[in-house]
Amino acid sequence: MKHIIRVIAVSSLPVLGVLAQTPTDPFPTAIPATEGAIRVNYREFASLPDIDGVAARMMNLVTEPGTRRVFVSDMRGQLYRVSEDGKTVTKYLDINAAGVPVQSTGRERGFQSFAVHPQFNQQGSRGFGKIYTYTDTTNMTPPADFHPAPGGNDTHHAVLLEWTARTPGAATYDGGAPRELIRWRDPFQNHNGGMLAFNPFAEPNSPDFGLLYMGVADGGSGGDPLHMAQNLGIAFGKIFRIDPLGNNSANKKYGIPADNPMRNTPGALPEIYASGVRNPQRFAWDARNGAMFMSDIGQGTVEEISPVTPGANLGWNVWEGSYKYGGRQGVALENRRGDPKMTYPVAEWGQLDPLLQTQSAAGGLVVYRGNQIPQLANLLIFADMPSGELFYVNADRLPSGGQDAIRRILLDEGGTAKTFLEVIRARNMAQGKMPATRADLRINIGPDNQVFLLNKGDGTIRVLTK
């Protein structure tokens with residue numbers, strides 16, 4: 001199927017794509033500023049409330065199963081339910097008020113992610129009323145299930161909690177205290193948690209239905225100094241896959257799926273689905289073929305979008321994207337993608353690209369198989385969080401790494417193409433606030449293949465339109 005692409009001239013934006021990059025950049029050809037760019041419209045969908053004058057630190061949006069409502073999280077511990085028209089926003093749950101003190105100091109710690117069981121509204125099912133939250137906490141009293149390698153500090157714990165609502169359709173959570181499934185002891189302040197998700201396309205009788213995927217970052221600091229991402233006996237730097245309703249784990253609080261790839265590997269944690277990740281941000285599945293993808297924040301040179309298959313090794317900290325990781329020296333340009341045992345990115349971009357800020361970070365990603373926005377059909381869409389850049393590659397002709405195939409998606413505002421950060425800054429001005437310096441962009445799919453954009457700058461949820 002062909003997709004419609006509008007090639008545009010962006011007079012309001014500097015022509016950055018023609019600038020030369022530094023010789024040490026593995027991607028010497030910059031992402032084009034205008035060539036192949038797609039323009040889409042958008043509308044404001046809903047607004048989350050400020051807390052103490054600070055905009056909502058939105059992290060994740062999930063469709064409530066069986067409805068057209070969505071849940072949206074704030075990194076400080078709040079979970080909101082939003083009506084299908086976006087006009088009604090209700091605080092559904094406050095993790096702090098429920099007795100779990102959220103550690104949300106700094107940019108990277110807090111309420112990381114959540115997932116709603118696909119049977120949430122199916123009365124009589126095992127998953128009825130169940131929501132899972134993944135959060136950093138200051139409560140370090142209970143013993144951790146997973147510990148880092150020796151070294152680092154005891155900065156905080158991360159916990160996976162199960163909440164069970166008595167009446168899922170109620171305006172606010174009406175269940176009891178959460179059940180703790182897993183606890184990690186974190187050695188550094190950064191690289192915390194990651195995505196929490198059920199495969200949205202798994203059918204009820206399929207082996208993947210009701211299994212929970214978790215991104216477990218490499219523990220933080222820089223360069224994975226404790227060498228955990230390649231150690232299959234340590235939880236950090238992995239993607240977990242568990243049955244939250246099972247009980248055959250070591251702590252008997254969750255299940256290990258029978259087909260997990262490391263279940264029978266000596267010395268390996270059976271929860272591991274994939275290894276060698278640094279700071280996994282988002283998962284996405286392709287509705288057409290079931291393929292799974294992950295966005296992973298790079299160390300100092302490469303951001304990546306990678307395929308995830310059972311038992312895959314994504315390479316970190318031996319590889320940063322397609323290149324050998326070289327510590328403070330960056331990456332080695334020779335022997336690109338030289339280890340056949342590794343799984344390398346389908347798309348990656350350089351942190352030195354002129355379109356980006358001095359810091360870049362791979363953000364949300366979705367595979368768009370809808371037809372409501374024809375120009376986005378059959379695209380793998382992803383983001384650079386700080387700059388607010390939206391990018392795409394063709395989901396049916398996936399590249400083999402590099403950024404040569406990457407093109408931009410820009411927002412149309414009254415006939416002018418803008419970046420998402422420009423839109424946020426204009427909103428800040430209207431709010432009487434200082435314009436944001438970064439977007440902290442996340443992308444999520446909602447009901448009817450709607451593409452939602454979240455950020456931490458202005459409290460506004462936006463949805464793309466054709």
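From a predicted model like this one, the values you see are computed outputs, not experimental measurements.
Across all their heavy atoms, Arg69 and Arg81 have their closest contact at NE-NE, 3.5 Å. Listed here is the closest heavy atom pair of Val277 and Ala229: O-CB, 3.7 Å. The two residues Ala217 and His191 come nearest to each other via the heavy atoms CB-O, 3.1 Å. Between Phe236 and Arg185, the shortest heavy-atom distance links the atoms CZ-O, 3.2 Å. Shown here for Thr301 and Pro26, the closest heavy-atom pair between the two residues is CG2-CD, 3.6 Å. Residues Ala55 and Asp50 share a closest heavy-atom pair of CA-OD1, 3.4 Å.
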>> One pair to check against salt bridge (Lys or Arg N to Asp or Glu O under 4.0 Å): Asp384 and Arg438. What are the steps and the verdict?
In response: CA-CA 10 Å; Asp384 182 80; Arg438 51 184 288 155; over 6 Å; no

> Taking it one step at a time, do Tyr134 and Phe240 satisfy ring pair (Phe, Tyr, Trp, His ring centres under 6.0 Å)?
Replying inline: CA-CA 13 Å; Tyr134 190 9; Phe240 273 20; 9.3 Å; no

>> I'd like to know whether Gln351 forms a side-chain contact (heavy atoms from CB on, under 4.5 Å) with Leu356, so could you lay out the CA-CA distance, the side-chain angles of the two residues, the decisive distance to 0.1 Å, and finally the verdict.
In response: CA-CA 7 Å; Gln351 295 182 350; Leu356 308 179; 5.5 Å; no

>> What verdict does the salt bridge (Lys or Arg N to Asp or Glu O under 4.0 Å) test give for Arg288 and Asp286, after you've listed the backbone C-alpha separation in whole Å, the side-chain angles of each residue and the deciding distance to 0.1 Å?
In response: CA-CA 5 Å; Arg288 178 164 296 176; Asp286 188 337; 5.6 Å; no

> After noting the C-alpha distance and the side-chain angles of Asn455 and Arg462, does the key distance pass the side-chain contact (heavy atoms from CB on, under 4.5 Å) rule?
Replying inline: CA-CA 9 Å; Asn455 76 94; Arg462 296 171 176 85; 3.7 Å; yes

> side chain to side chain donor-acceptor pair (under 3.5 Å) between Ser387 and Glu389: does it pass, once the steps are laid out?
Replying inline: CA-CA 5 Å; Ser387 66; Glu389 288 285 347; 5.2 Å; no

>> The test is side-chain contact (heavy atoms from CB on, under 4.5 Å); show your working for Val393 and Ile406 and say whether it passes.
In response: CA-CA 5 Å; Val393 295; Ile406 295 175; 4.0 Å; yes

> Would Arg183 and Asn139 count as a side-chain contact (heavy atoms from CB on, under 4.5 Å) if you check the C-alpha gap in whole Å, the side-chain angles of each, and the deciding distance to 0.1 Å?
Replying inline: CA-CA 11 Å; Arg183 178 175 287 260; Asn139 178 12; 4.3 Å; yes

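Listed for the Arg278 side chain is no donor-acceptor partner under 3.5 Å among the backbone atoms of Asp224. With hydrogens and angles ignored, the 3.5 Å screen pairs a side-chain donor or acceptor of Asn41 with a backbone N or O of Lys466. For the pair Thr460 (side chain) and Ser47 (backbone), a donor-acceptor distance under 3.5 Å is absent. In this structure, Thr155 contributes its side chain and Asp186 its backbone to a donor-acceptor pair below 3.5 Å. Under a 3.5 Å cut-off, the side chain of Gln103 and the backbone N or O of Asp136 do not form any donor-acceptor pair. Remark: side-chain polar atoms of Asp52 are not paired, donor with acceptor, to backbone N or O of Val54 under 3.5 angstrom. No donor-acceptor pair closer than 3.5 Å links the side chain of Glu413 to the backbone N or O of Val423. Side chain of Tyr368 to main chain of Ile373: a donor-acceptor pair is present (N/O by atom type, distance under 3.5 Å, no hydrogens or angles). Side-chain atoms of Asp448 never come within 3.5 Å of backbone atoms of Gln450 as a donor-acceptor pair (strictly under, hydrogens ignored). The backbone N or O of Leu454 lies less than 3.5 Å from no partner atom in the side chain of Arg442, so there is not a single donor-acceptor pair.
In this structure, Val308 and Tyr213 have side chains that are not in contact, with every pair of non-hydrogen atoms separated by 4.5 Å or more. Residues Leu93 and Phe114 form no side-chain contact, since every pair of their non-hydrogen atoms from C-beta on lies 4.5 Å or further apart. The shortest distance between side-chain heavy atoms of Ile51 and Gln78 falls below 4.5 Å. Residues Met429 and Pro435 are in side-chain contact: their nearest non-hydrogen atoms beyond the backbone lie under 4.5 Å apart. Put simply, the side chain of Glu304 reaches to within 4.5 Å of the side chain of Asp296, judged on heavy atoms. Under the 4.5 Å side-chain criterion, counting only non-hydrogen atoms from C-beta, Glu348 is in contact with Ser322. Using a 4.5 Å cut-off on side-chain heavy atoms (C-beta onward), Ile445 and Val451 make contact. Looking at heavy atoms from C-beta onward, Val82 lies out of side-chain contact with Leu61 at the 4.5 angstrom threshold.
In the model, Gln403 has a side-chain atom that pairs as donor or acceptor with a side-chain atom of Asp353 under 3.5 Å. In this model, no donor atom of one side chain and acceptor atom of the other lie less than 3.5 Å apart for Asn192 and Gln112.
A salt bridge links Arg39 to Asp412: at least one charged side-chain nitrogen sits closer than 4.0 Å to a carboxylate oxygen.
Around the CD atom of Gln372, the shell of radius 6.0 Å holds more than 12 heavy atoms that belong to other residues, nucleotides or ligands.
Ring planes of Phe382 and Phe391: tilted class, angle from 30 to 60°. Taking the six-membered ring for Trp and thresholds of 30 and 60 degrees, Trp319 and Tyr344 have ring planes more than 60 degrees apart, a perpendicular arrangement. Note: His117 and Tyr132 have tilted aromatic rings, judged against thresholds of 30 and 60 degrees for the angle between ring planes. The aromatic rings of Trp285 and Phe283 stand perpendicular to each other, their planes meeting at an angle above 60°, with 30° marking the opposite boundary.
Atoms CD1 and OG1, from Ile95 and Thr135 in turn, are 5.0 Å apart once rounded to the nearest 0.5 Å. Atom OG1 of Thr437 and atom CD of Gln357 lie 6.5 Å apart (nearest 0.5 Å). Distance check: Asn60 CG to Thr133 OG1 gives 12.0 Å after rounding to the nearest 0.5 Å. Interatomic distance, Thr419 OG1 to Ile424 CD1, rounded to the nearest 0.5 Å: 8.5 Å. Between Leu48 atom CG and Ile461 atom CD1 the span is 4.5 Å, to the nearest 0.5 Å. Met385 contributes atom CE, which lies 8.0 Å from atom CD of Glu303 (distance to the nearest 0.5 angstrom).
Between Trp163 and Tyr92, the ring center distance fails the sub-6.0 Å criterion. Aromatic rings of Trp316 and Tyr325 (six-membered ring for Trp) have centroids within the 6.0 Å cut-off, being under it.
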